[in-house]
Amino acid sequence: QVQLVESGGGLVQAGGSLRVSCTASGDSFRQYTMAWFRQAPGKEREFVAAISWSGGNTNSADSVKGRFTISRDNAKNMVDLQMNSLKPEDTAVYYCAAALYGSSYYTLDRNYDYWGQGTQVTVSS
């Protein structure tokens, strides 16, 4: 089992950057594919990006390609999402998720076993 805690959300102007982080505790972090999802008000939760246990494979949604970068540090049990060129439509609660022995190609929330509590990201126009 793993516990996930997100941090780093906040308010930023359109065009700006923000970095959100997720710290894991519990079972071996290396066993998990990690991902970020987001949920905007009145919308379904959607996949943002995922990274394999080694960090060698990443996958991201078309809507964030070229703007968002997912990375992980297995020594620190952390996964980050660097968000650049933010747009108002990126406003959402961002969730960290973990899939035991999963794949970076997992894009459905039902593929993931553990979730953080979420961190709010608000992009003003």
Side-chain angles (χ1 to χ4, degrees):
Q1 200 171 21
V2 65
Q3 293 79 43
L4 306 172
V5 178
E6 299 95 338
S7 60
L11 174 64
V12 64
Q13 287 190 330
S17 297
L18 200 62
R19 189 178 188 91
V20 291
S21 298
C22 173
T23 303
S25 59
D27 283 351
S28 175
F29 186 62
R30 292 175 186 270
Q31 296 177 322
Y32 293 88
T33 284
M34 300 299 296
W36 288 95
F37 284 74
R38 66 186 182 186
Q39 187 168 22
K43 294 189 176 182
E44 299 277 324
R45 187 160 56 187
E46 65 174 1
F47 171 79
V48 176
I51 187 166
S52 63
W53 69 271
S54 67
N57 292 298
T58 62
N59 183 28
S60 58
D62 289 343
S63 59
V64 306
K65 271 188 171 66
R67 300 188 299 122
F68 290 13
T69 302
I70 188 170
S71 62
R72 68 188 293 163
D73 185 337
N74 287 342
K76 295 181 179 179
N77 284 8
M78 290 185 67
V79 59
D80 291 339
L81 184 69
Q82 176 66 43
M83 302 182 288
N84 299 327
S85 302
L86 282 159
K87 305 174 182 179
E89 51 264 43
D90 294 318
T91 295
V93 176
Y94 282 71
Y95 295 92
C96 177
L100 182 63
Y101 300 125
S103 165
S104 59
Y105 294 104
Y106 286 359
T107 60
L108 302 177
D109 53 10
R110 66 172 180 263
N111 294 142
Y112 290 84
D113 305 298
Y114 301 101
W115 294 82
Q117 82 289 350
T119 185
Q120 177 70 47
V121 171
T122 302
V123 184
S124 63
S125 57

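All residue numbers refer to positions in the sequence shown, counting from 1.
Gln39 pairs by the side-chain hydrogen bond (donor to acceptor under 3.5 Å, both in side chains) definition with nothing, not counting sequence neighbours. Residues passing the salt bridge (Lys or Arg N to Asp or Glu O under 4.0 Å) test with Glu46 are Arg38, sequence neighbours excluded. Remark: Asn84 pairs with Ser17, Gln82 by the side-chain hydrogen bond (donor to acceptor under 3.5 Å, both in side chains) rule, at least two apart or across chains.
Taking OG of Ser25 as the start and CD of Gln1 as the end, the distance is 9.5 Å to the nearest 0.5 Å. In this structure, Arg45 CZ and Asp109 CG are separated by 4.5 Å, a value rounded to the nearest 0.5 Å.
Shortest non-hydrogen contact noted between Ser124 and Leu11 is CB-CD1, 4.3 Å. Between Leu4 and Cys96, the shortest heavy-atom distance links the atoms CD1-O, 3.7 Å. Nearest approach of Ser21 to Asp80, heavy atoms of both residues: OG-OD1, 2.7 Å. Of all heavy-atom pairs spanning Gly116 and Glu6, the tightest one is CA-OE2, 3.2 Å. Shown here for Asn77 and Phe29, the closest heavy-atom pair between the two residues is OD1-CB, 3.3 Å. Here the closest non-hydrogen pair linking Thr33 and Ser52 is OG1-CA, 4.0 Å.
Here the side chains of Thr69 and Leu81 are not in contact, with every heavy-atom distance at 4.5 Å or above. Side-chain contact between Tyr95 and Thr119: absent, with no pair of heavy atoms (C-beta onward) separated by less than 4.5 Å.
Note on Tyr114 and Val48: same hydrophobic cluster, where clusters join Ile, Leu, Val, Met, Phe, Trp and Tyr whose side-chain heavy atoms are under 4.5 Å apart, directly or indirectly. Each of Ile70 and Tyr112 belongs to its own hydrophobic cluster when Ile, Leu, Val, Met, Phe, Trp and Tyr are linked at side-chain heavy-atom distances under 4.5 angstrom.
Residue pairs satisfying the salt bridge (Lys or Arg N to Asp or Glu O under 4.0 Å) criterion with at least one member in residues 63-75, sequence neighbours excluded, are listed as follows: Asp62-Lys65, Arg67-Asp90. Annotation: ring-ring contact (aromatic ring centres under 6.0 Å, His included) contacts involving residues 40-91, sequence neighbours excluded, comprise Phe37-Phe47. Listed by first and then second residue, the side-chain hydrogen bond (donor to acceptor under 3.5 Å, both in side chains) pairs involving residues 98-107 are Gln31-Tyr101 (not counting sequence neighbours).
Screening Thr91, Val93, Val12, Leu86 for a side chain to side chain contact (heavy atoms under 4.5 Å, CB included) with Thr122, the sole residue that qualifies is Thr91.
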